[in-house]
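In what follows, a structure is listed as structure tokens, so that the remarks can point back to it.
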Amino acid sequence: MASLCEDEVFHIFSWLPAKSVCKLKSICNSFLDFSGETLFCMQQAQNMMLKDDTCFIVQPDTIQRYNDRIEIHPLPQEELSSGVPKNFLTFLGKSARILASSNGLVLCRSTTKSPVELFICNPVSQTWLPIPTPTGVHETPDADINLFFECINKDLDFDDYRVFLIDKPPEWSSYLDLKVYFPKEGVWQAMERSFFIGSRSMRLEMPVYLHSSLHFISNSFDYIDRGSRYFRPYIMAYNFESGQSRMFRLPNDARKGSNHESCDMGIFEWGKVRSLEHSICLVRYMKFVFTIWVLVDYESNLWRKILKIRLKAMGLKEEDPRVQGFTIMNGDCLIFATKKNVYGFDLSGKNSWRLREICEHEWETRVCFTSYSNTLRPCGTGASTFPDYVMASAYLSEDNTTSALFTSAYPSKAL
């Protein structure tokens, strides 16, 4: 180490997860002075984009004021990569809900009291940045907010990210309005063309961004006439460059029996963003069986089945298990929750483990998962560090104290 020049140390350490950098800095602070510099933080975040995400966030799939918990857990064999202070998670659990995550940043909404506020934070550095809240979101504290968040990280620009808002009308409609937030200008811009979704409602809580388009899967309830092209569930995509909506048919064997009450389907990213295999995967859980397909040809809508397996064949020992949520991470790991535990199932066959219990959970309802990467990425221009007194108050507050601290310390403006 002593024989290395600072540029070499900079390069080597920029490939470490944020937790390791923070630990090494605490041991040898003077040796890692550059670790707090913006250039190093952005380089480390950019390098992490070339690797798999190492953690996941788990929380109830709806706002629950009686259980103030947000948890971050490492994936199997990534136990050294979590690195998020517990006091910060406690603070988030008492004041916010995580909506999305990208390259180490998480997009959140306040939950303590109206008006709703949106903000971006880095759990490792305990920094945050409020973003303007559209009027419709600002005035609906208990409603679902459908936001998608993506860090681009182009040319090491920490203001280079995008937030997409799906604006649902008060009454059901085949058209949804979309808005995009541009951080450099600090404004939301409405898309000229609406998103046509067909005759079914979309599951807006599980977007997949691919080929400049947002993709959503529809619900599968049996309420469409059999002669309609929307009789079976499908995927709809909105292209932000052309403003066009496109429908993707699901595989025939995935559509059969999809209206059964035990059927649960979701779409997720498959593979890394920069890889040739980056695509969409479809996961169906029905009658104790997981089945997974991958979209292998985007233009021709061609799918390939890669897995069909019963829970018992996975090695699950629980009696009468009830799956309460699932996701795919990094294209090779199925994460799912039963009534008590969260499991990881290796899809690649390259690891020594196949099924592994990751953690327990205590939520009675369904849970949702958000993929997370451990980075030092800055939140953007004007970001602040969470003051200790704010977090201390959050632990003790049982009314709207936390919300008041949010508003007084970092006011946001509604559009």
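These numbers come from the heavy atoms of this one structure, side chains and all, not from hydrogens, waters or symmetry mates.
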Original post:
In terms of heavy-atom contacts, does CZ of Arg249 have more than 12 from other residues, nucleotides or ligands at under 6.0 Å?
Top reply: no
Original post:
Side chains of Thr375 and Ser373: donor-acceptor distance under 3.5 Å anywhere?
Top reply: no
Original post:
Using the ring of each side chain (for Trp, its six-membered ring), is Trp15 parallel, tilted or perpendicular to His11, with breaks at 30° and 60°?
Top reply: perpendicular
Original post:
Is the side chain of Ser279 donor-acceptor paired with the backbone N or O of Leu295 at a distance under 3.5 Å, no angle test?
Top reply: yes
**OP:** Report, as yes or no, whether the 6.0 Å neighbourhood of atom CD on Glu185 holds more than 12 heavy atoms from other residues, nucleotides or ligands.
**Re:** yes
Subject >> Test ring pair (Phe, Tyr, Trp, His ring centres under 6.0 Å) applied to Tyr209 - qualifying residues, sequence neighbours left out >> reply: Phe148, Phe164
Original post:
Glu171: what forms a side chain to side chain contact (heavy atoms under 4.5 Å, CB included) with it, not counting sequence neighbours?
Top reply: none
Donor-acceptor pairs are to be reported for all side-chain atoms of residues 332-340 against protein atoms at under 3.5 Å, with residues two or more places apart or in another chain.
{"residue": "Thr338", "atom": "OG1", "partner": "Glu318", "partner atom": "OE1", "Å": "3.2"}
{"residue": "Thr338", "atom": "OG1", "partner": "Glu318", "partner atom": "OE2", "Å": "2.8"}
{"residue": "Thr338", "atom": "OG1", "partner": "Asn341", "partner atom": "N", "Å": "3.3"}
{"residue": "Thr338", "atom": "OG1", "partner": "Asn341", "partner atom": "O", "Å": "3.4"}

Subject >> Listed partners of Asp167 passing side-chain hydrogen bond (donor to acceptor under 3.5 Å, both in side chains), at least two apart >> reply: none
**OP:** Check whether any side-chain N or O of Gln324 sits under 3.5 Å from a backbone N or O of Thr365 as a donor-acceptor pair, and report yes or no.
**Re:** yes
**OP:** Would you indicate whether the side-chain heavy atoms of His278 and Leu210 approach each other to under 4.5 Å?
**Re:** yes
Subject >> All side-chain hydrogen bond (donor to acceptor under 3.5 Å, both in side chains) counterparts of Thr381, not counting sequence neighbours >> reply: Asp159
**OP:** Measure from the side-chain N and O atoms of Tyr234 to the backbone N and O of Ile197, and report whether any donor-acceptor pair falls under 3.5 Å.
**Re:** yes
**OP:** Examine distances only and state if a side-chain atom of Ser95 and a backbone atom of Phe91 form a donor-acceptor pair shorter than 3.5 Å.
**Re:** yes
Original post:
What residues, two or more places apart in sequence or in another chain, satisfy side-chain hydrogen bond (donor to acceptor under 3.5 Å, both in side chains) together with Gln59?
Top reply: none
Subject >> Residues in ring pair (Phe, Tyr, Trp, His ring centres under 6.0 Å) contact with Phe268, at least two apart in sequence or another chain >> reply: none
Original post:
With sequence neighbours excluded, what pairs up with Phe326 under the ring pair (Phe, Tyr, Trp, His ring centres under 6.0 Å) test?
Top reply: Phe290
Subject >> Those residues that, when tested against Asp253, pass side chain to side chain contact (heavy atoms under 4.5 Å, CB included) (two or more places apart) >> reply: Pro251, Trp293, Lys305
**OP:** Could you give me the CA-CA distance, side-chain angles and deciding distance for Ile306 and Arg304, then say whether side chain to side chain contact (heavy atoms under 4.5 Å, CB included) is met?
**Re:** CA-CA 6 Å; Ile306 65 167; Arg304 176 170 59 89; 3.5 Å; yes
**OP:** Using the test ring pair (Phe, Tyr, Trp, His ring centres under 6.0 Å), find all partners of Tyr298 that sit at least two apart in sequence or belong to another chain.
**Re:** His211, His215, Phe248
Original post:
Relative to each other, are the rings of Tyr238 and Phe240 parallel, tilted or perpendicular (30° and 60° limits)?
Top reply: perpendicular
Original post:
Under the side-chain hydrogen bond (donor to acceptor under 3.5 Å, both in side chains) test, which residues partner Lys184, sequence neighbours left out?
Top reply: Asp157
**OP:** Ignoring hydrogens and angles, state whether a donor on the side chain of Asn47 or Gln43 is under 3.5 Å from an acceptor on the partner side chain.
**Re:** yes
**OP:** May I have all residue pairs that pass side-chain hydrogen bond (donor to acceptor under 3.5 Å, both in side chains) and include part of residues 189-200, sequence neighbours excluded?
**Re:** Asp177-Ser194, Arg200-Asn219
Original post:
Any side-chain heavy-atom pair from Leu376 and Phe40 closer than 4.5 angstrom?
Top reply: yes
